[in-house]
Amino acid sequence: MIPVYGLMKFLHDLATVIWFGGLFTTGIILVPVARTLLGPGAEMKKFMDIFQRRLTKLVYVSMVVLILSGVFLAKHNPAFEGLFRMGNTYSKILTVKHILVVMMIAIGLVRSLVVGRKGQLQGRTKTKPLPQQ
């Protein structure tokens with residue numbers, strides 16, 4: 001059981017690093033460097049679109065790994081009382097963590113689905129000029 005627990009802990013930590021590391025690296029390093037090199041405009045947008053598509057795939061996989069490994073880790077911790085239970089300090093902290101994770105997942109999905117579609121629609125809605133009479 002210890003090797004399985006260790007593997008789950010490793011996968012949980014790895015998924016966390018991929019998700020949060022991607023967020024921080026993008027915001028603190030990648031975007032400022034890309035703006036400096038590419039400037040505002042079409043090349044910057046193209047670069048960020050390609051980067052975001054690749055990162056989004058990793059983040060979605062990380063979310064699934066976090067959920068699955070988190071369920072395993074919680075069930076094997078004697079202090080775990082159940083999802084969103086507040087019976088002890090461990091459960092209270094875990095509840096706050098779960099609320100924050102659910103909020104981040106919701107924000108990420110809304111951002112990628114709604115904002116992504118809005119950008120696609122803006123790129124496709126080129127209107128043709130009305131014929132002159």
Donor-acceptor pair, E81 side chain versus G87 backbone, under 3.5 Å?
yes

Which other residues belong to the hydrophobic cluster containing [X], where Ile, Leu, Val, Met, Phe, Trp and Tyr are joined when side-chain heavy atoms lie under 4.5 Å apart, directly or via other members?
{"X": "L83", "result": "F84, I99, M103"}
{"X": "L94", "result": "F80, Y90"}
{"X": "L68", "result": "V64"}
{"X": "V96", "result": "L100"}

Name each donor-acceptor pair under 3.5 Å that joins a side chain in residues 26-33 to protein atoms two or more places apart or in another chain, with its distance.
from	atom 1	to	atom 2	distance (Å)
T26	OG1	G22	O	2.6

Nearest 0.5 Å, what's the [atom1]-[atom2] distance between [X] and [Y]?
{"X": "L38", "Y": "M48", "atom1": "CG", "atom2": "CE", "result": "10.0 Å"}
{"X": "I18", "Y": "M63", "atom1": "CD1", "atom2": "CE", "result": "12.0 Å"}
{"X": "H98", "Y": "S91", "atom1": "NE2", "atom2": "OG", "result": "9.5 Å"}

Could you note down all residue pairs passing side-chain hydrogen bond (donor to acceptor under 3.5 Å, both in side chains) where residues 57-73 supplies at least one of them, sequence neighbours left out?
H12-S69, Y60-S112

May I have all residue pairs that pass salt bridge (charged side-chain N to carboxylate O under 4.0 Å, His left out) and include part of residues 23-42, sequence neighbours excluded?
none

Same hydrophobic cluster for L55 and F24, using side-chain heavy-atom links shorter than 4.5 Å among ILVMFWY?
yes

Would you mind telling me which of I105, V71, T16, V61 makes a side chain to side chain contact (heavy atoms under 4.5 Å, CB included) with L66?
T16

Can you name the salt bridge (charged side-chain N to carboxylate O under 4.0 Å, His left out) partners of K9, sequence neighbours left out?
D13

Going by side chain to side chain contact (heavy atoms under 4.5 Å, CB included), name the residues that satisfy it together with [X], two or more places apart in sequence or in a different chain.
{"X": "L7", "answer": "L11"}
{"X": "L23", "answer": "W19, F20, M104"}
{"X": "R53", "answer": "D49, I50"}
{"X": "I93", "answer": "T89"}

So which heavy atom on R85 is nearest to which on T95, and how close?
O-OG1, 3.1 Å

